[in-house]
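Residue numbering restarts at 1 for every chain, and letters A, B, ... go by the order of the sequence lines. A quick note: this is a predicted structure, and the numbers were derived from the prediction, not measured.
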Protein chains: 2
Amino acid sequence: MTPGKTDRSTYHHGDLRQAVLTAALDVIAADGPAALSLRDLARRAGVSHAAPAHHFGDRTGLLTAIAAQGFGLLADTLAGGTGLADRGRRYVRFATAHPAHFQVMFAPDLLRADDPELTAARARAGAELRAGVTTLPGRDARTTGIAAWSLAHGFATLYLTHNVTDAVGPLPPEDYFDLLTGFLTDRADGTPGT
Amino acid sequence: MTPGKTDRSTYHHGDLRQAVLTAALDVIAADGPAALSLRDLARRAGVSHAAPAHHFGDRTGLLTAIAAQGFGLLADTLAGGTGLADRGRRYVRFATAHPAHFQVMFAPDLLRADDPELTAARARAGAELRAGVTTLPGRDARTTGIAAWSLAHGFATLYLTHNVTDAVGPLPPEDYFDLLTGFLTDRADGTPGT
DNA sequence: CCCTCATCTAGTCATTGACAAGTTGTCCTC
DNA sequence: GAGGACAACTTGTCAATGACTAGATGAGGG
């Protein structure tokens with residue numbers, strides 16, 4: 001096992017799984033999941049056209065692996081957060097920093113819904129998502145959580161689909177999102193906005 | 001011209017464009033845009049495999065037409081609304097009533113971005129979206145609008161991707177959304193929530 | 001030394017999108 | 001009502017892809 005090194009001279013690629021994953025993320029970020037082709041990824045990695053299938057089974061398997069990795073990354077990202085506003089900020093930052101993951105994570109049509117690793121990672125992310133709001137006073141925690149999630153998710157989605165680029169301008173999207181969270185957090189902690 | 005009637009005995013289908021559109025919406029709603037095949041749509045309509053391309057150019061053209069139709073429908077839906085909360089409610093209702101349209105509308109990778117009909121319809125919908133919040137006092141109208149849009153869009157997206165089905169339960173999603181809008185509209189009109 | 005097994009190759013098949021060329025029917029004009 | 005222009009549709013074809021099968025390669029273990 002030669003970890004990390006891509007040794008092209010050998011019959012075995014050495015790290016094909018990772019190479020395919022990385023290339024796939026590039027393609028998806030650039031042209032969307034529809035542009036993803038296993039054969040193209042194989043060409044990029046310099047292996048035969050059927051090699052990627054060995055690691056992921058099929059195209060759906062590859063996308064499922066990406067989604068699972070994405071939910072894991074999201075869970076890790078949220079775990080470091082403090083409070084509702086910060087978690088929302090981190091959510092938006094995750095989406096814009098990992099657009100390919102984000103897209104695939106929320107495209108159930110492309111995924112194998114019953115994949116164990118996917119469901120586990122999703123559960124982990126869901127727990128982190130809920131952990132951010134359980135301590136909120138006044139409002140029903142579940143409703144608050146879904147409102148916050150909707151706000152962050154909606155903004156991230158609209159940003160990634162180029163629907164709010166004018167408003168955000170050159171600002172990092174998570175900074176702009178801070179403006180939006182005022183509507184929620186003002187109420188949550190009792191501090192008036194404006 | 002035989003309007004509306006699908007006369008199968010003739011060489012000309014009579015209303016192939018509409019038939020293909022309808023079938024495409026069915027497929028997308030059931031299995032997502034990735035499952036869409038022009039040849040399959042042709043089979044469903046009982047025409048030759050290249051017939052759909054005559055009306056839409058190519059696969060991207062078909063999806064672009066669907067997106068344009070979707071933005072038109074959304075604009076019409078919003079136009080009848082009164083106030084911010086009602087428009088949000090209508091937005092969610094549109095998304096859940098027309099899931100195929102909604103999905104395609106916000107998948108820029110699948111669309112021809114410079115299509116005239118698409119950009120026109122999008123502009124119309126955008127204007128309606130903005131019209132709902134221009135009269136709001138206190139807050140910056142643009143920021144308010146984007147927050148409201150993010151909230152509605154995020155909730156609709158999460159609902160369609162089966163991420164909040166537990167919380168919503170058997171309720172019509174737009175009814176559940178009313179609970180969420182309290183966080184925004186309470187502030188906007190000065191009425192305290194809870 | 002050989003055996004096992006994960007990794008990768010090579011070949012094949014059905015399906016698809018796209019394109020080209022031809023056919024059919026309709027409508028417009030004279 | 002004949003002819004021509006044109007839109008609607010068909011037929012045939014090609015390259016690309018996903019999926020599958022069988023086989024080759026090489027690394028590590030007993």
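- Side-chain contact of Thr143(B) with Asp140(B): a donor-acceptor pair under 3.5 Å is present, judged by distance alone.
- Protein atom CG of Asp58(B) is 8 Å distant from nucleotide atom C1' of dA18(C), rounded to whole Å.
- Annotation: proximity of residues 30-42 of chain A to DNA chain C (heavy atom, distance under 4.0 Å) is found for Arg39(A), numbered in ascending order.
- By the 4.0 Å N-to-carboxylate-O rule, Arg112(A) lies close enough to Asp58(A) to be salt-bridged with it.
- Within the structure, a side-chain polar atom (N or O) of Arg43(A) is placed less than 4.0 Å from OP1 or OP2 of dT17(D).
- Judged purely by atom type and a 3.5 angstrom limit, Arg59(A) uses its side chain to pair as donor or acceptor with the backbone of Leu36(A).
- Taking side-chain N and O atoms only, His55(A) has a distance below 4.0 Å to OP1 or OP2 of dC8(C).
- Smallest separation of non-hydrogen atoms from Gly72(A) and Ala121(A): N-CB, 4.0 Å.
- At whole-Å resolution of the value, CZ in Phe56(A) and P in dT7(C) are 11 Å apart.
- Comparing atom distances between the Ala51(A) side chain and each of dA18(C), dT10(D), dC8(C) picks out dC8(C) as nearest.
- As rounded to whole Å, 13 Å separates atom C1' of dG17(C) from atom CG of Leu63(B).
- Atom CZ in Arg59(A) sits roughly 13 Å away from atom C1' in dT16(C) (whole-Å rounding).
- Distance, His49(B) NE2 to dT10(D) P: 9 Å, rounded to whole Å.
- Across Leu78(B), Leu129(B), Thr82(B), Val92(B), a single residue satisfies side-chain contact (heavy atoms from CB on, under 4.5 Å) together with Arg87(B), and that is Leu78(B).
- Rounded to an integer number of Å, the gap from Leu62(A) CG to dA19(D) P is 10 Å.
- Summarising the geometry, the separation between CZ on Arg112(A) and P on dG18(D) is reported as 14 Å, rounded to the nearest angstrom.
- Look at His54(A) and you won't find any side-chain N or O under 4.0 angstrom from OP1 or OP2 of dC8(C).
- One atom, CD of Gln18(A), and another, P of dC8(C), lie 13 Å apart when rounded to the nearest Å.
- Side chains of Asn163(A) and Thr161(A): a donor-acceptor N/O pair is present below 3.5 angstrom, by distance only.
- Using a 4.0 Å cut-off between charged side-chain N and carboxylate O, Arg89(B) and Asp175(B) make a salt bridge.
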